[in-house]
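Since the model is a prediction, treat every value here as computed from it, not as a measurement. Letters go in sequence order (proteins before strands), and every chain restarts at 1.
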Protein chains: 2
Amino acid sequence: MTDTGISPPKRATYRHGDLRRALLEAGTELARDGGPDAVVLREATRRVGVVPSAAYRHFADRDALLGAVCSAAQSALAVAMEAELAGLAREGDPADAARARLRAVGTGYLRFAQAEPGLFQTAFSASDNLRSAASPIRAGDSGLTPFQLLAAALDELVEADVLPRERRPGAEFLAWSAVHGLAMLLIDGPLRGLDHARAQDAGRRLIDMVERGL
Amino acid sequence: MTDTGISPPKRATYRHGDLRRALLEAGTELARDGGPDAVVLREATRRVGVVPSAAYRHFADRDALLGAVCSAAQSALAVAMEAELAGLAREGDPADAARARLRAVGTGYLRFAQAEPGLFQTAFSASDNLRSAASPIRAGDSGLTPFQLLAAALDELVEADVLPRERRPGAEFLAWSAVHGLAMLLIDGPLRGLDHARAQDAGRRLIDMVERGL
DNA sequence: CAGGGTTTGTGTACAGCGTTCACAACTACA
DNA sequence: TGTAGTTGTGAACGCTGTACACAAACCCTG
């Protein structure tokens with residue numbers, strides 16, 4: 001007996017099977033178009049076809065769900081950065097190669113911010129998700145989180161004698177600050193709505209500044 | 001007849017007199033400790049001692065109230081930056097003076113972000129408040145908004161022949177990106193909880209980078 | 001100074017949100 | 001087969017933003 005027949009794709013079984021993952025995916029979709037504020041628990045359960053309180057079997061509260069979405073978003077960011085790195089030609093000069101890798105990390109970051117503004121904002125919404133940023137659920141395919149990818153690029157820069165070793169400590173914070181700030185401007189600051197070409201140009205100039213100033 | 005006598009500081013008169021300002025101030029207080037999400041319309045009316053719907057005589061909706069608070073926060077930021085500028089010694093060398101003024105703009109920004117994180121976050125919460133940032137309600141005592149203060153400092157840098165004129169266009173976006181990004185890290189990123197001394201140190205290093213790299 | 005019109009605050013109501021809790025359906029293991 | 005544990009249901013609570021009819025206070029004109 002399938003009710004009156006006009007019910008939504010009702011589950012055949014009483015149990016859902018993989019509700020946690022389903023909610024996480026629904027939440028991620030909400031974050032994708034709408035940012036962190038758009039990931040609302042009731043809407044996620046609605047999309048999955050489950051009653052609101054069912055979510056509490058898998059997430060302590062709405063914040064826990066948001067935290068999970070946030071980790072997933074960071075992971076997606078890491079993947080985007082890795083993709084940018086993978087597109088690099090294996091160059092001869094190790095100094096140039098190291099420089100190119102740092103630039104790739106930055107442009108990957110900026111490209112993701114512009115391509116997926118909702119997810120990007122969500123990635124940095126939860127308070128303590130940058131602090132304990134080493135969790136594997138926040139990593140890309142290489143197992144490194146966005147922050148760790150940046151740190152690795154800076155290490156290579158030192159290895160290639162481009163960045164003086166004494167300037168290395170804390171350099172990730174300087175580089176990250178600059179790129180993250182620009183991302184904000186591009187997403188909903190005065191630089192919003194810039195076409196990709198101009199945005200990429202701004203990114204190039206910014207990374208130039210970082211490279212010179214680091 | 002003052003009711004049963006156990007009513008809160010009930011207004012003597014039916015009219016409030018300056019409800020708009022009162023709501024704005026209550027909202028600002030909410031933003032100060034709690035950020036943009038904490039400015040909730042009902043709580044603001046409660047604090048002012050007025051029924052919720054009364055707010056709609058002065059603000060179209062909750063977003064309008066938040067927008068007003070956001071403008072006020074930007075104005076406060078501008079005042080903080082002006083204070084930093086005012087503390088500068090009138091130096092002899094115009095080049096050094098221009099450099100010092102740019103640094104003051106940056107450190108004022110960072111100092112405010114750390115001293116008033118809630119207001120700072122609120123200042124940059126409303127989507128289109130950086131775009132049309134020229135409104136006088138967002139300005140400090142000098143009549144300049146935070147962005148305009150930065151632009152002025154950069155102009156002086158060109159005037160003093162420190163920054164090549166061809167690099168001036170768009171330079172405010174580069175400088176702003178770096179400082180704003182660091183502010184984010186300090187407020188709720190991995191650099192959160194840094195004591196003032198260390199934070200100031202990070203700020204100095206970052207501004208060094210900007211100065212070198214601009 | 002009398003009265004009407006406009007502004008501004010009141011009271012009540014509604015839908016949507018997060019969250020709780022008792023209960024029911026299913027699973028797994030003895 | 002029975003029984004304990006897991007997972008989804010249903011109804012409820014208090015909170016939010018918002019709408020609307022009504023009432024009080026001010027203002028202006030005669």
ask   = Taking atom CZ of A:R198 as the centre, does the number of heavy atoms from other residues, nucleotides or ligands within less than 6.0 Å exceed 12?
value =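 Not buried by this count: 12 neighbours or fewer within 6.0 Å.
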query = Considering residues, nucleotides and ligands other than B:R21, do more than 12 of their heavy atoms fall under 6.0 Å from its CZ?
reply =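 No, not enclosed.
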task = Would you confirm whether B:R47, through its side chain, and B:G27, through its main-chain N or O, come within 3.5 Å as a donor-acceptor pair?
result =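 Absent.
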ask   = Are the side chain of B:T122 and the backbone of B:G118 linked by a donor-acceptor contact shorter than 3.5 Å?
value =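 Side chain of B:T122 to backbone of B:G118, a donor-acceptor pair under 3.5 Å: yes, one is there.
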[X] side chain, from C-beta outward: closest of [options]:
{"X": "B:R15", "options": "D:dA19, D:dG5, C:dT8", "answer": "C:dT8"}
{"X": "B:S53", "options": "D:dG8, C:dT12, C:dC21", "answer": "C:dT12"}
{"X": "A:R42", "options": "C:dG9, C:dG18, D:dT9", "answer": "C:dG18"}
{"X": "A:Y14", "options": "C:dT10, C:dA25, D:dG17", "answer": "C:dA25"}
{"X": "A:V51", "options": "C:dG9, D:dT9, C:dT19", "answer": "D:dT9"}
{"X": "A:V40", "options": "D:dA24, C:dC17, D:dT18", "answer": "C:dC17"}
{"X": "B:V50", "options": "D:dT6, D:dG8, C:dT10", "answer": "C:dT10"}
{"X": "B:R46", "options": "D:dT16, C:dG18, D:dG8", "answer": "D:dT16"}

Can you measure [X] atom [atom1] to [N] atom [atom2] for me and round it to whole angstrom units?
{"X": "B:R57", "N": "D:dA21", "atom1": "CZ", "atom2": "C1'", "answer": "10 Å"}
{"X": "A:E43", "N": "D:dT16", "atom1": "CD", "atom2": "C1'", "answer": "18 Å"}
{"X": "A:D37", "N": "C:dC17", "atom1": "CG", "atom2": "P", "answer": "14 Å"}
{"X": "B:L23", "N": "D:dG17", "atom1": "CG", "atom2": "P", "answer": "12 Å"}
{"X": "A:R21", "N": "D:dT7", "atom1": "CZ", "atom2": "P", "answer": "15 Å"}
{"X": "B:Y56", "N": "C:dT10", "atom1": "OH", "atom2": "P", "answer": "15 Å"}
{"X": "B:R62", "N": "C:dC17", "atom1": "CZ", "atom2": "P", "answer": "16 Å"}
{"X": "B:L66", "N": "D:dG17", "atom1": "CG", "atom2": "P", "answer": "11 Å"}

query = Toward the 5' end of DNA chain D, which comes first, A:G49 or B:V39, by nearest nucleotide?
reply =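 Looking at the nearest nucleotide for each, A:G49 comes out on the 5' side.
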query = Ion pair present between A:R204 and A:D201, side-chain N to carboxylate O less than 4.0 angstrom?
reply =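 Result for this pair is yes, salt bridge flagged.
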ask   = Using a cut-off of less than 4.0 Å, is there contact between a side-chain N or O of A:H58 and OP1 or OP2 of D:dG8?
value =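 The answer is yes; a side-chain N or O of A:H58 sits under 4.0 Å from OP1 or OP2.
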